[in-house]
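Below: one structure, written as structure tokens.
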Amino acid sequence: MKAYDHKKIEKKWQKTWQEKKTYQTLSAKSAKGKKPFYVLDMFPYPSGAGLHVGHPRGYIGSDVIARKKRMEGFNVLHPMGYDAFGLPAEQYAIANKIHPRKAVLDNVKTFERQLSVIGFSFDWNRTVNTTDPEYYKWTQWIFLKIYNSWFDLSKNKARPIEELVAVFAKKGSEGASAAHHSKRAFSASEWRAMSALDQQTVLMEYRLAYEGYSEVNWCPEMGTVLANDEIVDGPNGPVSERGSYPVEKRSMRQWFMRITAYGDRLIEDLDGLSWPEHIKEIQRNWIGRSEGLLFRAPVKDSDIVIETFSAHFEACHADTFVAIAPDHPLLSTLLEGVTNKSEVLAQAKAITQKREALGDKYKEVEGVFTGRYIVDPLGNGDLPIWIASFALKDYGTGIVKCSAHDERDFAFAKKYDIPLKAVMFPRDEALRAQVQNFEICFSDSGTGVLTEPKEFKGRVAHEVRDAVAEYAVKHGFAKQKVSYKIRDAVFARQRYWGEPIPLSKDTEGILHEVSEKKLPLELPNVKSYEPSGTGESPLASVPTWTRAGYETNTMPGWAGSSWYFLRYVDPKNKKAFAGEAELDYWFNKKHVGGVDVYVGGAEHATGHLLYSRFWHKVLFDYGLVPTKEPFQLLRNQGIILASDGRKMSKRWGNVVNPDEIVGTYGADTLRLYEMFMGPFDASLPWSTESIIGSRRFIERVWRFAEKIETAQNGKQNQSEPSYEQALHKAIKKVTEDIENFGFNTAVSAMMICLNEMEKADYVSVADYKKFLQLLAPFAPHVAEELWELFGEKKSIHVSGWPSYDESKLVSDTVTIMVQVNSKNRAELQISRDMSSDAVKALALASEKVQTALAGMIPKKIIYVPGRLVNIVA
RNA sequence: GCCCGAGUGGCGUAAUGGUAGCCGCGUUCGACUUAAGAUCGAAUUCCGUAAGGAGUGUGGGUUCGAGUCCCACCUCGGGCACCA
């Protein structure tokens with residue numbers, strides 16, 4: 001037999017698989033009863049640097065699963081594509097002075113070449129590229145769908161905006177229970193009397209995609225807006241990563257997505273998903289739902305009524321002042337008639353600016369008295385309203401009632417000499433009746449903060465909370481309200497390289513959408529795709545573009561990636577983002593989510609994985625997708641670090657290129673090693689030293705084929721081959737481990753099996769071929785080559801999956817450990833079916849046991865069948 | 001500060017509450033070879049010549065029995081961070 005030549009074998013089979021379309025996915029129509037299975041990878045940014053050895057880790061894992069499922073007879077959808085809009089592609093293009101479109105094409109080629117040598121079973125006919133107009137046509141289409149929606153709170157779902165218009169015309173703003181940020185109320189007749197422009201402004205406050213303003217990072221020297229990851233900390237505040245120029249906050253017109261409307265559903269639906277628990281937890285924390293109380297309180301000597309929000313209202317009876325955000329929209333109205341109004345406003349502005357400039361580093365507790373008081377709804381008298389640096393306008397109502405029983409409120413009150421009072425729980429008589437005994441659980445720790453003894457684990461606080469809430473609501477002091485930490489997502493970039501937003505504004509300021517027939521609205525060619533210098537997108541300097549009134553902002557990087565998994569299902573559809581029949585076929589309605597297996601990095605927890613869920617839910621509300629969640633099962637691959645323990649990066653010069661590893665050791669070895677090196681989700685250092693173990697294993701498998709060929713004669717009749725148990729164990733282990741992403745232990749099981757087969761003096765061809773089938777998902781080329789060597793004409797990758805015999809997993813005799821007082825003292829070889837009493841007697845009879853007992857009388861003997869005997873003396 | 005997760009040989013790691021260290025790397029010895037490499041065989045947690053003893057970050061606890069369960073602490077990694 002020839003020596004193992006990975007180069008020849010891998011090239012041969014990659015070519016053959018392509019020619020024979022071995023990995024072609026069948027459409028719903030042609031599947032003919034074959035069950036679907038959708039295995040998806042997070043598609044990459046085709047950056048200029050190409051792949052390092054860490055990138056394919058996730059792809060290899062998903063490929064192993066896809067291959068196994070294909071062998072099991074599923075119609076597998078295992079696609080790959082490119083997420084090529086966005087900052088990295090644009091920066092690469094600017095740095096290399098080429099058009100981003102050209103840069104993307106070049107980089108895609110590099111990626112495709114690098115991926116192709118690793119032997120993935122992708123169906124390249126279904127590839128997508130977010131920058132392809134035929135693709136982003138549908139990104140724009142979905143955007144318009146979202147833009148033309150409002151969120152009906154009573155139905156808890158998105159509905160067409162025309163239906164809201166109809167409600168307004170009939171019943172005014174009170175007619176709809178909607179998620180919005182409007183401050184105004186209007187009657188039906190007022191609505192009908194509004195100008196088109198005014199109506200547009202009102203509707204904008206309800207749409208799920210809306211225009212607004214937000215703070216951006218503005219770099220005056222560079223004349224451009226910077227993303228958060230383009231900024232680093234300088235000695236005097238934030239500076240640009242490139243060039244270290246100062247960066248400041250600037251308010252700019254933006255588009256937003258009202259993801260906040262879906263806060264509850266985004267939390268609730270996590271329960272049905274098979275995702276890593278910590279990713280769910282990150283999303284829950286990010287959304288940050290808290291239930292609290294909304295207190296309505298009249299402002300003294302005015303007709304203003306304000307609402308305060310408290311999520312921790314346990315100590316509401318101790319409230320002695322009110323804090324309002326320094327940038328709160330109500331501030332100006334509130335200060336009407338106050339003598340030093342302008343002075344107070346100026347101070348509020350100073351605080352706001354300081355807070356924005358310093359960001360996280362601003363820790364000071366600052367404030368100023370407004371001169372106003374509220375009349376406490378709980379009967380605690382008049383409480384002063386302070387502007388406070390810690391109050392956030394976007395959380396709750398932006399106004400909070402404060403007491404001594406909060407560390408931060410306490411510090412503020414001490415600084416400004418605001419009177420405080422402490423309550424021992426509960427102060428109110430009626431409340432006390434309901435929750436008696438609770439007061440003993442709290443003590444004043446000296447700072448004014450009420451603490452609950454640890455042994456109660458927060459239970460008491462919870463019960464007190466519930467009791468207080470019930471009481472306050474019942475007596476009309478407050479109503480329940482939910483608040484979220486999550487903010488609406490900014491959906492605009494002042495950049496060139498993104499999907500154009502398909503809207504235009506006429507000279508009257510009325511917005512028009514680009515009709516479906518005219519989609520895609522293509523990105524125009526420009527002379528300079530670098531930032532314009534004014535902070536606007538380069539599109540603002542394209543006369544034909546601005547003359548038509550088109551929106552100059554482009555979509556952010558996450559637009560195209562929020563729905564690409566839908567396109568793979570039906571990538572060439574011209575009439576819809578995907579056909580209904582295909583979606584129905586591929587998206588399993590028995591699950592909450594559609595894609596069966598999704599593999600990618602954990603760093604997308606609060607970005608892509610949240611945005612996709614949000615878009616999917618909007619589409620679901622319109623019945624355009626069959627499942628309410630996009631991804632049923634999610635697994636994160638660990639990051640492969642360099643051998644020095646740092647991240648692989650050009651900067652450290654520690655990058656290992658997969659091309660080199662494939663060249664030296666072969667794709668099969670690379671694949672096997674990346675699966676074997678440790679748990680799939682663990683971050684592990686790369687070790688070119690250790691990879692030899694995987695190579696050796698493959699070579700041993702290779703040489704073993706020869707041994708089988710020569711051993712054909714003579715020993716076939718051996719009835720119970722010594723390796724049989726190991727083989728059946730391996731089949732069981734590999735089958736189960738692949739399903740559970742336990743690739744490292746699956747490889748280990750195959751190694752154990754091979755060790756046993758090598759020790760045996762005869763291995764049947766049939767058994768060896770079963771072994772090859774186990775190996776096929778991990779090392780597809782060498783498995784295929786050997787498969788062919790044994791006369792198979794059809795590919796191993798569609799050959800079926802071996803099954804194991806439960807009865808062959810156990811042997812008749814077992815070795816059990818005999819312990820005396822839990823210490824190992826002797827071993828026993830016994831027959832598996834020996835009775836408990838017989839085993840115990842045998843153990844006691846052992847000489848070693850008698851020595852260890854040293855005359856002690858056994859009090860108790862524990863027998864764990866097949867494992868051990870423990871003699872307790 | 002708050003919320004997750006993890007700590008096991010020289011290294012990567014493995015262990016349904018039941019013989020801790022499977023599998024692999026490395027190392028040592030042996031076979032083959034003029035030699036090197038490759039390959040094959042044996043050994044390899046630590047202390048001890050051995051008998052034996054110790055041992056899964058630290059200290060407690062539950063249990064006949066704990067790497068695994070419970071409590072406290074230490075270290076590392078991840079997420080959030082004025083969210084009332």
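Worth saying up front: this structure is predicted, and the values here are computed from it rather than measured. The figures here come from the full heavy-atom set of this structure, side chains too, leaving out hydrogens, waters and symmetry mates.
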Phosphate contact (B:G79 OP1 or OP2) by A:Thr606 side-chain N/O below 4.0 Å: no
Nearest-Å distance once atom P is located in both B:C74 and B:G65: 29 Å
Between B:C2 and B:A81 - C1' atom distance, rounded Å: 8 Å
Glycosidic conformation of B:G41, taking syn as within 90° of 0 and anti otherwise: anti
Would you tabulate the side-chain donor-acceptor contacts of residues 863-873 of chain A under 3.5 Å, counting partners in other chains and residues two or more places apart, or write 'none'?
from: A:Asn870; atom 1: OD1; to: A:Ser822; atom 2: N; distance (Å): 3.0
from: A:Asn870; atom 1: ND2; to: A:Ser822; atom 2: OG; distance (Å): 3.3

Spacing of the C1' atoms in B:A66 and B:U19 (rounded, Å): 14 Å
Aromatic ring proximity A:Phe676/A:Phe743, centre distance under 6.0 Å: no
Sugar-phosphate, base or nothing in reach of A:Ala391, heavy atoms under 4.0 Å: base
Exercise: do A:Thr815 and A:Gln829 side chains pair donor with acceptor under 3.5 Å: yes
What protein N or O atoms touch nucleotides 60-69 of chain B N or O atoms at under 3.5 angstrom, if any, and at what distances?
from: B:C64; atom 1: O2'; to: A:Ser822; atom 2: OG; distance (Å): 3.4
from: B:C64; atom 1: O2; to: A:Asn870; atom 2: ND2; distance (Å): 2.8
from: B:G65; atom 1: O4'; to: A:Ser822; atom 2: OG; distance (Å): 3.3

Could you go through nucleotides 50-55 of chain B and list every protein N or O atom that sits under 3.5 Å from one of its N or O atoms, giving the distance for each pair?
from: B:A54; atom 1: OP2; to: A:Lys823; atom 2: NZ; distance (Å): 3.1

Euclidean distance for P, B:U45 against B:G77 (whole angstrom): 31 Å
Whole angstrom value for the distance that separates C1' of B:A14 from CG of A:Asn740: 16 Å
Spacing between A:Arg408 atom CZ and B:A81 atom C1', to the nearest angstrom: 12 Å
Euclidean distance for C1', B:A31 against B:A38 (whole angstrom): 14 Å
Dump every N/O contact between nucleotides 40-47 of chain B and the protein below 3.5 Å, one line per pair.
none

Listed pairs, N/O of protein and of nucleotides 1-12 of chain B, under 3.5 Å:
from: B:G12; atom 1: O2'; to: A:Met677; atom 2: O; distance (Å): 2.5

Touch class at under 4.0 angstrom, heavy-atom based, for A:Asp394 against every strand present: nothing
Residue closer to the 5' end of RNA chain B, A:Gly398 versus A:Val864 (nearest nucleotide): A:Val864
Secondary structure string for RNA chain B (Watson-Crick or G-U under 3.5 angstrom, | for other-strand pairs): (((((((..(((.....[....)))((((((.......))))))(((....)))..(((((..]....))))))))))))....
Closest nucleotide among B:U19, B:A14, B:A84 to the A:Pro679 side chain: B:A14
